[in-house]
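Taking it in order: structure first as structure tokens, then the write-up.
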Amino acid sequence: MDQKKWGIIYCPKSGSFRPQKRWEKIEKALRLNHIDYDFVQSEQSNSVDRLVTMMINNGYKTIIMVGGDSALNDAVNCLMLADKQTRDEVRLGVIPNGKMNDFAHFWGIKDNDYYNVVKMLKNGRTRKIDLGCIRYTNAKGERCHRYFHNSLNIGLVASVMDMRRKSSGWLGANSLTMIPSSLKMVFQRLEYKMHLKINDDELKRKVMSVSIGNASGYGFTPNAVPYNGLLDVSVVYHPEVAQLFEGFYLLYSGKILNHRDVHPYRTKTVEVLKAERAQIGIDGRLMNTPEGPFKVEVEQEVVSFIIP
């Protein structure tokens, strides 16, 4: 295997108009930047794992995901299955092409700017990044874990992000598509009985949502960065309706931590001893709810990522 050849996995955006035309634009950008690459297309979300594993086993040292946060999550988790020596030799990059591309946006990587994104990947630097990890027991009593590069959400925000992902359609997951999803918070305004341990604090109360960010977390952990060995946590209590609308404004303006019902923390570990009926979303996609208590922690500098 040529060590300089890229392995590219194209994940067409579900529900997008003429996905082949999108790939033709990316292909043109690769050609103009004189990139030597091999290309495979993911036909469905559950095939990403197999394709990333194939790329790793075939010796590709640069793997580029053309997809969104969910596809990148699959790639990260496949890479973490490899031994450390193999993992350290692989660089991971992303060309945003999902309904949610929050992690790419964190690094200033823009949607649809294919030529400059490919140029950045060609000339950019590689940085070791942290990952968050949820460790839990499933319904079969098996001990499991799952990594996340962006955020893990518990409660209402998890269901809102899933609704946003499913309903965004051809507009993508921009601020306009966030509005109908956010209105769910007004009309349902759910609360969940939770028992959390964060640093020296122990919370036993009803909570609307908990966001645990390794990065910006769709605006709910705006100060989180994936290279300081810490997780940012935003615990959202149950605001009045007037404060909800204020919260929408602060969320869209990147100032959600200024809301009086949002309580921020910075930590290495979050213990969730109880989260009754609360859904859990990981990098924008719902996961099977763990059985019983679970722990979320950070693993420092474990994946090599290409950044500007």
Side-chain angles (χ1 to χ4, degrees), residues 1 6-9 11 40 42 45-95 98 100-104 106-107 121 126-138 140 142-154 212-217 221 224-232 267-270 272 280-288 290 294-307:
M1 173 60 61
W6 292 6
I8 298 180
I9 300 175
C11 306
V40 290
S42 170
S45 60
N46 59 9
S47 67
V48 174
D49 292 357
R50 174 178 57 82
L51 295 176
V52 173
T53 302
M54 179 192 73
M55 290 282 187
I56 295 171
N57 291 340
N58 280 279
Y60 289 89
K61 303 305 182 185
T62 299
I63 299 176
I64 306 298
M65 299 300 301
V66 182
D69 286 331
S70 295
L72 193 56
N73 179 274
D74 291 335
V76 162
N77 277 275
C78 282
L79 194 53
M80 289 301 292
L81 291 174
D83 61 82
K84 185 179 184 303
Q85 180 178 346
T86 300
R87 189 170 70 240
D88 287 345
E89 293 173 350
V90 175
R91 305 187 310 155
L92 189 62
V94 64
I95 299 174
M100 290 188 288
N101 305 296
D102 199 59
F103 195 70
F106 170 84
W107 299 104
L121 292 170
T126 302
R127 177 161 194 167
K128 287 280 190 179
I129 63 168
D130 304 340
L131 295 178
C133 182
I134 176 174
R135 301 186 184 278
Y136 64 98
T137 302
N138 66 14
K140 298 179 180 179
E142 300 167 331
R143 300 184 69 177
C144 308
H145 67 276
R146 182 84 182 174
Y147 292 96
F148 60 93
H149 56 274
N150 190 23
S151 67
L152 181 142
N153 292 288
I154 308 167
I212 304 173
N214 184 57
S216 54
T221 54
V225 294
Y227 44 76
N228 64 355
L230 296 168
L231 299 168
D232 279 22
T267 184
K268 289 182 176 291
T269 304
V270 179
V272 182
I280 298 175
I282 189 163
D283 288 335
R285 177 198 291 159
L286 289 183
M287 64 178 291
N288 292 329
F294 57 91
K295 180 183 290 188
V296 184
E297 53 194 6
V298 64
E299 294 194 19
Q300 195 167 3
E301 297 183 349
V302 287
V303 168
S304 299
F305 197 76
I306 306 173
I307 65 173

- Query: Any donor and acceptor pair, going by atom type alone, linking the side chain of Asp283 with main-chain N or O of Ser70 inside 3.5 Å?
  - Reply: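 The answer is no, because no donor-acceptor pair under 3.5 Å joins these two groups.
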- Message: If we ignore hydrogens and angles and just use 3.5 Å, is the side chain of Thr221 paired with the main-chain N or O of Ser216 as donor and acceptor?
- Response: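 Yes, the answer is positive, given that a donor and an acceptor are paired below the 3.5 Å cut-off.
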- Applying side chain to side chain contact (heavy atoms under 4.5 Å, CB included), run through Val270 and Lys295 and close with a yes or a no. CA-CA 6 Å; Val270 179; Lys295 180 183 290 188; over 6 Å; no
Go through the structure and list residues passing side-chain hydrogen bond (donor to acceptor under 3.5 Å, both in side chains) with [X], not counting sequence neighbours.
X: Thr86; value: Asp83
X: Asn57; value: none
X: Arg135; value: Glu297, Glu299

- Kindly say whether the aromatic ring centers of Phe148 and Phe103 come within a distance under 6.0 Å.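 No.
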Which residues pass the side chain to side chain contact (heavy atoms under 4.5 Å, CB included) test with [X], not counting sequence neighbours?
X: Val225; value: Phe106, Tyr227, Asn228
X: Arg50; value: Ser47
X: Val298; value: Asp130, Asn214, Leu231, Lys268
X: Ile306; value: Thr62, Ile64, Arg91, Met120, Leu121, Thr126

Roughly how far, to the nearest 0.5 Å, is [atom2] of [Y] from [atom1] of [X]?
X: Leu51; Y: Cys78; atom1: CG; atom2: SG; value: 9.0 Å
X: Ile282; Y: Asp69; atom1: CD1; atom2: CG; value: 11.5 Å
X: Ile9; Y: Ile95; atom1: CD1; atom2: CD1; value: 12.0 Å
X: Asn73; Y: Leu152; atom1: CG; atom2: CG; value: 10.0 Å
X: Cys144; Y: Met287; atom1: SG; atom2: CE; value: 8.0 Å
X: Met55; Y: Leu92; atom1: CE; atom2: CG; value: 11.5 Å

- Query: Given Tyr60 and Val90, is the side chain to side chain contact (heavy atoms under 4.5 Å, CB included) satisfied, shown in steps?
  - Reply: CA-CA 7 Å; Tyr60 289 89; Val90 175; over 6 Å; no
Would you say [X] and [Y] make side-chain contact, with heavy atoms under 4.5 Å?
X: Thr269; Y: Val296; answer: no
X: Val272; Y: Ile154; answer: yes
X: Ile63; Y: Trp6; answer: no
X: Val52; Y: Leu79; answer: no
X: Pro226; Y: Trp107; answer: yes

Heavy-atom closest contact ([X] atom, [Y] atom, distance):
X: Ala104; Y: Val94; value: CB-CG1, 4.1 Å
X: Val48; Y: Ala75; value: CG1-N, 4.5 Å
X: Met65; Y: Cys11; value: CE-SG, 3.9 Å
X: Gly213; Y: Ala224; value: O-CB, 3.6 Å

- Any chance you could lay out the ring pair (Phe, Tyr, Trp, His ring centres under 6.0 Å) test for His149 and Tyr147, step after step, and finish with the verdict? CA-CA 7 Å; His149 56 274; Tyr147 292 96; over 10 Å; no
Those residues that, when tested against [X], pass salt bridge (charged side-chain N to carboxylate O under 4.0 Å, His left out) (two or more places apart):
X: Lys140; value: none
X: Arg127; value: none
X: Glu301; value: none
X: Asp102; value: none

- Task: Show the numbers, then the answer: is there a side chain to side chain contact (heavy atoms under 4.5 Å, CB included) between Ile8 and Val66?
- Result: CA-CA 7 Å; Ile8 298 180; Val66 182; 3.7 Å; yes
- side chain to side chain contact (heavy atoms under 4.5 Å, CB included), paired with Pro290, selected from Thr137, Ile280, Asn138: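 In the set Thr137, Ile280, Asn138, the residue that makes a side chain to side chain contact (heavy atoms under 4.5 Å, CB included) with Pro290 is Ile280.
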- Task: Name all pairs fulfilling the salt bridge (Lys or Arg N to Asp or Glu O under 4.0 Å) condition that reach into residues 142-151, sequence neighbours left out, sorted by first residue then second.
- Result: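 Passing the test, one end in residues 142-151: Asp74-Arg146.
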- Message: Is there a salt bridge (charged side-chain N to carboxylate O under 4.0 Å, His left out) between Asp88 and Lys128? Walk through the geometry before answering.
- Response: CA-CA 9 Å; Asp88 287 345; Lys128 287 280 190 179; 2.6 Å; yes
